[in-house]
2 protein chains.
Amino acid sequence: MPVTLEDIAEVSGYSRSTVSRVINGEPGVSHRARQKITDVVEQLNYHPNQAARGLAAGQMNNIGLIIPETVSFIFNDPYFQFLSLGVSQTSNEQDFSVMLWLSDPDLERKSINKFLNNGLVDGFIIASMLMGDPIIEALKSTPRPFVLVGRQPALPDASVVDCDNVQGAYAATQHLLKTGRKRIATITGSEGMQSGINRIEGYQKALQDWGLTVNHALIAKGDYTEGSGYFGMFQLLPEKPDAVFIASDNMAHGAYRALKEVGIRVPDDIAIVGFDDIPSADQMTPSLTTMRQPIRKMGNLAAEILINKINYPDTDSQRIILNPELVVRQSCGSSALAGSITLR
Amino acid sequence: MPVTLEDIAEVSGYSRSTVSRVINGEPGVSHRARQKITDVVEQLNYHPNQAARGLAAGQMNNIGLIIPETVSFIFNDPYFQFLSLGVSQTSNEQDFSVMLWLSDPDLERKSINKFLNNGLVDGFIIASMLMGDPIIEALKSTPRPFVLVGRQPALPDASVVDCDNVQGAYAATQHLLKTGRKRIATITGSEGMQSGINRIEGYQKALQDWGLTVNHALIAKGDYTEGSGYFGMFQLLPEKPDAVFIASDNMAHGAYRALKEVGIRVPDDIAIVGFDDIPSADQMTPSLTTMRQPIRKMGNLAAEILINKINYPDTDSQRIILNPELVVRQSCGSSALAGSITLR
DNA sequence: TATGAGGATGGGAGCGCTCCCAATTTAAGT
DNA sequence: ACTTAAATTGGGAGCGCTCCCATCCTCATA
């Protein structure tokens, strides 16, 4: 029913081969032929069948975006959304399509292998997964290239796009130190995720470099959820910190909520720095100073690296670590240092 | 390189045809053969090539999820995420994969037609789009089935999954009326979207049924963004409303922010009802009474209807309108009526 | 023992493309 | 005009499946 190459060939009076060359922009076709065929293609509204093309060429021009369910549950910030947007954008520019795979614990094992091996997808982007995720094993045995978004210790040689969480946490903590805060606490991210661990590390390093010792009473464990920020803040209050580096903006929301309940003012009584720069960070009261993570850009880069690897399989694996950027707003006081940057 | 049907045939000692029957669970195969073939499939870790299968069978078992960019920009709530989750879940259960297409204004026209016609996708789900979106035209001429999430006046005969925005707004407004509020204002959703219009309609209807006249000074135009909630609230303040129905929780965040700035208390001075029940609604101070929109379920249903239509093309188009559910929290006072429902 | 009905199996054709090589045309050179 | 190279074009094979029909068994029955 749909228009095929052969149809174009017949109508235009050229052969299947010549039509194929024109469709794919290959050289070695006379101007006349190219013109004629282009016209017919236009006129019959022909679109190549990707399945046939993929089957014949051995490449589908599809990339798979894998998002473990845990991740999509933990983050109710727009992480998912911006990442997809970035991946999708770059893919489309390069004539690749995106297949989405959101893991579901029930189907997980069977389903991931099917997704990896069904021949529809030439390579994968895996959004930050938990350590020990069963997907890791599946990934180890796939012959297809993949790129991780967020490092994964179990896959040390894989291509990765990440943001430098150590340095981000370091910068955030240092910002607090520079504004004169002394008792700097932290609410950590999930210990099951590499980013969580790295952000603790950066926090500790900053304190040490400033000549302070790390006080474990000032470290509250969180898991990136709003609720854990709320409880984490309550846990810290008896220690009377004068500043808190919170490992995600989402948790910062929870911390704000806790502080409001007990009447502690930000930034007067306590300074807060978050991480991520989610859209609502700018609208919190007071607006939240935070480390901006360029998620969309990470999506762009992941797709770019992957597509490059698909097209040139001999490429070495790449690791791109982006620097998060300090966005100074009101939650640390010191308007002297302020100067928010616009638009994400 | 990958294992093919033919490989299984050779190793198992049966023919391609018999292997195919086993793979597809067809009858007419001896127990012995089925057993043997199943073993070999397992042993060689065979997965059918979907491209070849699709090409031969004329159906790819893929559904396309189309999300216009405007939508993904406007909503920084997890709409996108929950919808994808719902679609993906149901699809996977039925052995369909999901291809994601996020529109990009630059590529839009060319790209959407390619996506619709490349033969990879058997049908589409289109997330709520603006009226007048160019995608509508493309959709009109596709021979493939599709399901809209959110009604679209320009496509009156299409299958639709939607939530009853009129009745939701009605219920929200009525809830305010029942708690004794008299001057009930509203901040509207985007006029470019059907849901925005319907929510105004429900609001007005509720007032009228209660014997009140609609006062246009009490209607502030919003566009679903946090900022428009903030400014909308300021616009309403001189009119001294004692309650506001806000057409999205996202805008309710903005309204809260405005109210905090001027020191007006919720719910004492003013009652608020939102719409959507985004995860953070429960954590606002005071927690937000809102109409819960079952987005994930809408995703499930959309996928179900679509897959059914793909498998049985003669099915009539379906319209499923779900009722949003009132979730009573603290923002309207009247704890007498309260009784929050848990878990979305 | 012959016969036929079913169940079980095998193999050809073809889905719409790409890839490769052969055939044909055209241009260039002597 | 005659050869040779280059530019164009055409068509076969095959990608890994499904679908359909032909073949081959195996029994029960006459």
* Look up atom CZ in B:Arg296 and atom CG in B:Leu301, then write down how far apart they are to the nearest 0.5 Å. => 12.5 Å
* Asked: Does OP1 or OP2 of C:dT18 have a side-chain N or O of A:Arg53 closer than 4.0 Å?
  -> yes
* Rounded distance in Å - NZ (A:Lys36) to C1' (D:dT8) -> 18 Å
* Name the one of A:Val161, A:Ile320, A:Ile125 that satisfies side-chain contact (heavy atoms from CB on, under 4.5 Å) with A:Met298? -> A:Val161
* Which heavy atom of A:Ser317 sits nearest a heavy atom of A:Lys309, and at what distance? -> N-NZ, 3.8 Å
* Report yes if a side-chain nitrogen or oxygen of B:Tyr46 is closer than 4.0 Å to either non-bridging phosphate oxygen (OP1 or OP2) of D:dC17; otherwise report no. => yes
* Asked: So B:Asp7 and B:Tyr46, side chain to side chain contact (heavy atoms under 4.5 Å, CB included) or not? Walk me through it.
  -> CA-CA 9 Å; B:Asp7 295 334; B:Tyr46 167 73; over 6 Å; no
* Structure fact -> Among the nucleotides D:dC17, C:dG10, D:dG11, whichever has the atom closest to the side chain of A:Ser17 is D:dG11
* Asked: Is the shortest side-chain N/O distance from A:Thr18 to OP1 or OP2 of D:dG10 below 4.0 Å?
  -> yes
* Asked: Within the modelled atom types, does a donor on one side and an acceptor on the other bring the side chain of A:Arg21 and the base of D:dT8 under 3.5 Å apart?
  -> no
* **Under-4.0 Å side-chain N/O to phosphate OP1/OP2 contact, A:Ser30 with D:dT9** => yes
* Which pairs with one or both residues in residues 118-147 of chain A pass ring pair (Phe, Tyr, Trp, His ring centres under 6.0 Å), sequence neighbours excluded? -> A:Phe115-A:Phe124
* To do: Round to a whole Å and report the spacing from NE2 of B:His31 to C1' of C:dG7.
  => 16 Å
* Which nucleotide in the list C:dC19, C:dG16, C:dG14 gets nearest to the side chain of B:Ala56? -> C:dG14
* Structure fact -> DNA chain C nearest-nucleotide lookup for B:Ala52 and B:Arg34: closer to the 5′ end is B:Arg34
* NA contact type, B:Ala51, heavy-atom cut-off 4.0 Å: base, sugar-phosphate, or nothing? -> nothing
* B:Ser15 side-chain N/O to C:dG11 phosphate OP1/OP2 under 4.0 Å -> no
* Structure fact -> Separation of C:dT18 atom P from A:Ile8 atom CD1, nearest Å, is 13 Å
* Taking the nucleotide of DNA chain D with the closest heavy atom to each, which residue, A:Arg32 or B:Glu26, is nearer the 5' end? -> A:Arg32
* State whether B:Thr4 places a side-chain N or O below 4.0 Å from either non-bridging phosphate oxygen (OP1 or OP2) of D:dG16. => no
* Asked: Which part of the nucleic acid does B:Pro2 contact within heavy-atom distance under 4.0 Å: base, sugar-phosphate only, or nothing?
  -> nothing
* Asked: Given atom CD1 of B:Ile37 and atom C1' of C:dG10, what is their separation to the nearest angstrom?
  -> 12 Å
* Could you tell me the separation between the CG atom of A:Asn61 and the P atom of C:dT18, rounded to a whole number of Å? => 11 Å
* Can you tell me how far P of D:dG11 sits from CD of A:Glu10, to the nearest Å? -> 12 Å
* Is any side-chain N or O of A:Asn24 closer than 4.0 Å to OP1 or OP2 of C:dT18? -> yes
* Can you measure from CG (A:Leu120) to NE2 (B:His47) and round to the nearest 0.5 angstrom? => 13.0 Å
* Nucleotide of C:dC17, D:dT18, D:dC20 approaching B:Arg16 most closely (side-chain heavy atoms) -> D:dT18
